2 protein chains.
Amino acid sequence: MNAGPDLTTLAGAVGDATRIRMLELLMEGRALVAKELAFGTGVSPATATAHLQRLEQARLVRSTRQGRNKVFRLATPTVARMVEALMTVAVRSPRASATPEPLRAARYCYDHLAGRLGMGITDALLRAGHLSLRRRAFALTPSGEAWFQDFGIDLEPVREQRRHFAHRCLDWSERRDHLAGALGAALASHVFSLGWVERQPDSRGLIVTPGGQRGLKRHFGVL
Amino acid sequence: MNAGPDLTTLAGAVGDATRIRMLELLMEGRALVAKELAFGTGVSPATATAHLQRLEQARLVRSTRQGRNKVFRLATPTVARMVEALMTVAVRSPRASATPEPLRAARYCYDHLAGRLGMGITDALLRAGHLSLRRRAFALTPSGEAWFQDFGIDLEPVREQRRHFAHRCLDWSERRDHLAGALGAALASHVFSLGWVERQPDSRGLIVTPGGQRGLKRHFGVL
DNA sequence: TTCATCGTTCGGTCCATGGCGAACCATTTC
DNA sequence: GAAATGGTTCGCCATGGACCGAACGATGAA
């Protein structure tokens, strides 16, 4: 049996901006492939490999190979508990909002929209019958197909991507699913290029612009 | 409105061998002056100052001046919980001997009882129906309320404290929950003032006195 | 007042390590 | 087979930050 890391080794493994963000990304409960983690932390694949090796050596993450992908997940629920404890201290705000307001409202979840914004959009699409729920994913209905094309998103290149099309992603601040996968990423990117949302510096937080508020209300009837 | 540090700042503050060792030292529940922390981590006073400033800036420790001394303590019970969670992951070694016996048996966890002692007491209270399990905390039942009053603990001032009342704290040596929070601290303090347990010098370890063994057996039927 | 002690500031050294690009395997797809 | 894609290895650079000694306030004791 392998011994766990001692406290200083563990602290060293946790105590890096990129690595803690990787753990944060993995807190969503989903397994992520190395590339997603690299992208989500804004780091090159080479650097990501080094970080992931270190995290794995500290027994904080586990990896399994799936074809030419390598998928990572938190090693144990205990690790998740630890990361949660870190988050709790990090956002130790006196008010009940365990998550800072900007992040609750709208934020990136590595390449798609999360927070209330992502959830609201997803809900609207579900209510309108453009999406339907599957066990582990969403399905795009015919009306949804038309809607996305109409919205200005060409579905051809989205379908061609070698990744899940419309994944369900459990939000850790809202505790509900939102749209992820290639479709979620395409939606986020489009909404972004429309100027509806803007990046907050040094944060996954997003800002909904005035024009974005109008557009979101018109197209989704929410927010 | 004191916003906590963001997660990366926090991780950076935690992720250093000397600083995590300082936090570990402060887990004994005692306040330590800067020099003790410097000596305890084997580092010069100048270096210790830098580390302590960083810890304080991340709101992990609090300091007060007493004469020409500066005494440090963990900022909040939440921080203690976080350090405990780190320890839990760190010693996740299959070799139980990794934890010295005295610490396994009875020890302080910041301000409440841990180890087998803390766990045994918690179990006894649960079995007797004085406590019940909630998702993230314990709840004090009516019979428990009577029991605590009868035991000599006035619950009024405990309830007035601005901290969680009866938190669940995962023990890093026993891998099970024990009673923490304001109620756990009050219980520890009371058991301490009864002379049932005594501090081991320079350690988080506690010694159960002969009188304490009788008392614990009578009141909790354990140990 | 004078001395001792504690902590801080400052200047400087030095090493660990996070970061990248490029070349290199491995695997799947066509 | 060839091409595309994901991941790893390697060499290298740059920066951060951990550390110390020495000089310097501040506080309490003699």
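First the proteins, then the strands, lettered A, B, ... as listed; each starts at 1. The model shown is predicted, which means the values in this text are computed figures rather than measured ones. Computation of the quantities below employed the complete heavy-atom set of this structure, encompassing side-chain atoms and omitting hydrogens, waters and symmetry-equivalent molecules.
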* How many Å lie between CG on A:Leu32 and P on D:dG6, as a whole number? -> 15 Å
* Kindly give the heavy-atom pair with the smallest separation between A:Leu187 and A:Ile153, and that separation in Å. => CA-CD1, 3.8 Å
* Describe, in one word, how the ring planes of A:Phe220 and A:Phe151 are oriented to each other, choosing from parallel (under 30°), tilted (30 to 60°) and perpendicular (over 60°). => perpendicular
* B:Lys35 side chain, from C-beta outward: closest of C:dT9, C:dG7, D:dT8 -> C:dG7
* **Spacing of B:Arg65 atom CZ relative to C:dT5 atom C1', expressed in whole Å** => 16 Å
* Asked: Which one, D:dA18, C:dG19, C:dG18, comes nearest to the side chain of B:Asp16?
  -> D:dA18
* Could you please name the option among D:dT9, D:dA18, D:dC19 that lies closest to any side-chain atom of B:Thr18? => D:dC19
* Could you tell me the separation between the CG atom of A:Asn69 and the C1' atom of C:dT29, rounded to a whole number of Å? => 13 Å
* Which one, C:dC6, D:dG7, C:dT9, comes nearest to the side chain of B:Ala46? -> C:dT9
* To do: Quickly work out the B:Arg54 CZ to D:dA18 C1' distance and round it to whole Å.
  => 10 Å
* To do: Please work out which of the three classes, parallel, tilted or perpendicular, describes the rings of B:Tyr108 and B:Phe192, given edges at 30° and 60°.
  => tilted
* Asked: Quick one: is A:Thr47 getting a side-chain N or O under 4.0 Å of the C:dC20 phosphate, OP1 or OP2?
  -> yes
* **N or O in side chain of B:Thr49 less than 4.0 angstrom from C:dT8 OP1/OP2** => yes
* For B:His51 and D:dC20, what is the distance between atoms NE2 and P respectively, to the nearest whole Å? -> 8 Å
* To do: Compare side-chain N and O positions of B:Gln66 against OP1 and OP2 of D:dG28 and report whether any pair is under 4.0 Å apart.
  => no
* When you measure from the side chain of A:Pro45, which nucleotide among D:dT8, C:dT8, C:dC20 comes out closest? -> D:dT8
* Have a look at B:Ala34 and say if it touches a base, only the backbone sugar-phosphate, or nothing, with a 4.0 Å heavy-atom cut-off. => sugar-phosphate
* Plane angle bin for B:His167 and B:His164 - parallel if under 30°, tilted between 30 and 60°, otherwise perpendicular -> perpendicular
* **For atom CD of B:Glu36 and atom P of C:dC6, their distance in whole Å** => 10 Å
* Asked: Taking CZ from B:Arg68 and P from D:dA29, how many angstroms apart are they, rounded to a whole number?
  -> 7 Å
* To do: Round to a whole Å and report the spacing from CD of B:Glu56 to C1' of C:dG7.
  => 13 Å
* Structure fact -> Winner on side-chain proximity to B:Lys70, out of D:dG7, C:dG18, C:dT8, is C:dT8
* To do: State whether A:Arg21 and A:Glu24 are salt-bridged, where the test is any N-O pair (Lys NZ or Arg NE/NH1/NH2 against Asp/Glu carboxylate O) under 4.0 Å.
  => no
